[in-house]
Amino acid sequence: MRTLVLSAIILLSSSLAFPTGAQQSLDALIAREINSLVETYKMLHAAPELSHREEKTATFFAGQLRALGYTVTERMGKFDRPEWVGYGVVAVIKNGDGPTVLVRADMDALPVEEKTGLAYASKVRTKNDAGQEVGVMHACGHDVHMTAMLGTAKILSELKNQWRGTLVLVGQPAEETIDGARAMLKDGLYTRFPKPDYAIALHDSPDFAAGTISITPGYALASSTNVDIKILGVGGHGSRPESTKDPIVLAAQVVLGLQTIVSRENSPLDPAVITVGSFHGGTRYNIIPDEVNLQLTVRAYKEDVRQRLLVAIERVTIGIAIAAGIPAERAPIVKVSETEVTTATYNNPELTERIASTLAKALGQENVVKGSPIMSSEDFGYLSLDQQIPTTYFFIGASDGTKLKQSKAAGVPMPSLHSALFAPVPETTLRTGVKAMTSAVLELMKK
Ligand SMILES: [Zn+2]
Ligand SMILES: [Zn+2]
């Protein structure tokens, strides 16, 4: 109750200071909430949970939304592995006829041991799926996303006279493992709940100053596909190569051969990446092993480009094995993952322009930049159902502006997302997140 009385006083004094204008009243509402939002953020930051294990986070998140008057469903999401519980949260609030707008925040953290030294740093340790002990950290800032959503949810529940339609807030599990959005769709996100006319999401970024936004029309993030290649040889003594088929040399040729797919087979106008991130084979100096295992990540924007890359990877790999005289029954095995895959994030240009100009009005034109597409990946794109539903996804700056300038001048980048040192500036980042998301929703649902 104490906070309620205090809030009322702050609201009153803010509205006296800013008697007119929707922006001012939104600022005042955010000012009233910001201390409690920063507290929520620090609490979530100190208690991260890995993908597929967001139990406590989701319970807290759902409880907060329920207390705000939303109709909340918990434990949403069907994963391929039956032992993984879907901890998805769907919170719906209906406010008469009008569009259905979905806003998504992701909830999972990463197996990273935090090294920020902040007072609210995570000290959480747990065992990962492989049974290894790991530190856990919100190193991608999904705690920022959840907190910004809670602030947005509260303000929109109070501003019901300014919007109409159905608002669907989604707490998504397992973004880092890129299977959470699909798990929620599989569990009826668009059949058990109102199917959205628009879906939007934000992500924090250390590449921009807190208080600013970067938004990219069209393709914003790439698709990502994991590929395993098993190169089979014929092992033997390291001193007798003539009696073997050396899979290490073969795998080395494959790694180099794959580089020509992007540089020689793909149009330079279609961005693509093939990275071999892992190369494992052999046990001893003088033993030629029987096999080498490679792990690849493949990135592209367009689906036809992705398909061509995958076909070429298999063709090049098998071709090199044939050239080396590997017998047909020992041909390489190329396996494209069906689960460790995600679609590209395509920002519907019309919707993106509309949101960008809304954000520019809310935050100042100088604080909203048109960003460049990147080859990182996300699973938010699935919510567009292959671009049938207009979606947009924007970045909110999370870095201290002065430090960011210094880092650019010195040529030393700020700690990136997933870094043990990633430390968003809480207050300004959250203010901007809440203001951006609230303004975007009000634009799409305005009366
Ligand atoms: Zn991440
Ligand atoms: Zn993330």
Side-chain angles (χ1 to χ4, degrees), residues 41 44-45 48-54 57-58 61 77 87-89 103-116 122 124 128 134-149 170-184 199-208 210 213-216 220-226 273 275 277 297 299 340-345 347 371 373-383 391-399 413-426 429-430 432-433 436-437:
Y41 165 72
L44 287 169
H45 187 82
E49 293 174 297
L50 291 178
S51 311
H52 310 122
R53 317 224 193 130
E54 307 89 343
T57 307
F61 193 63
Y87 288 113
V89 176
V103 184
R104 177 272 220 167
D106 35 17
M107 304 190 292
D108 52 333
L110 286 157
V112 171
E113 189 176 326
E114 178 157 2
K115 297 196 174 121
T116 59
S122 161
V124 174
N128 65 12
V134 290
V136 188
M137 174 185 177
H138 269 300
C140 205
H142 297 181
D143 44 1
V144 170
H145 311 166
M146 284 184 279
T147 312
M149 181 176 273
V170 170
Q172 186 204 299
E175 185 283 322
E176 296 294 354
T177 46
I178 54 175
D179 52 352
R182 266 175 301 165
M184 291 191 81
I200 48 181
L202 57 74
H203 202 293
D204 57 0
S205 168
D207 301 331
F208 307 101
I213 301 271
S214 169
I215 187 162
T216 309
L221 301 167
S223 71
S224 170
T225 309
N226 284 357
V273 175
T275 290
T297 184
R299 308 290 170 115
E340 290 175 67
V341 58
T342 187
T343 187
T345 302
N347 283 343
I374 52 175
M375 301 306 281
S376 305
S377 302
E378 241 290 349
D379 68 353
F380 174 67
Y382 282 112
L383 299 185
T391 59
T392 198
Y393 176 94
F394 56 85
F395 287 100
I396 56 168
S399 285
M414 299 291 286
S416 65
L417 294 176
H418 294 200
S419 158
L421 297 171
F422 175 58
V425 180
T429 305
L430 289 170
T432 313
M437 204 44 99

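Small disclaimer: the values here were computed from a predicted structure and weren't measured. All residue numbers in this chain count up from 1 along the given sequence. Atoms within a ligand are numbered from 1 in the order they appear, just like the ligands themselves.
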*For Tyr382, which residues count as a ring pair (Phe, Tyr, Trp, His ring centres under 6.0 Å) partner, sequence neighbours excluded?*
none

_ring pair (Phe, Tyr, Trp, His ring centres under 6.0 Å) against His45, all qualifying residues, sequence neighbours excluded_ = Tyr41, Tyr120

_salt bridge (charged side-chain N to carboxylate O under 4.0 Å, His left out) partners for Asp204, two or more places apart_ = none

*asked:* Looking at every heavy atom in both Leu50 and Pro111, which two are closest together, and how far apart are they?
replied: CD2-N, 3.4 Å

*Contact summary for Val124 and Pro48, nearest pair of heavy atoms*: CG2-CD, 3.6 Å

_Here's a test for you: under side chain to side chain contact (heavy atoms under 4.5 Å, CB included), which of Ile213, Ile215, Leu430 qualifies with Ile396?_
Ile213

*With the Zn ion (ligand 1) as the centre, enumerate protein N/O/S atoms below 2.8 Å in chain and residue order.*
Cys140 SG, Glu176 OE1, Glu176 OE2, His418 NE2

*Output the atom name for the N/O/S atom of His203 with the smallest distance to the Zn ion (ligand 2).*
NE2

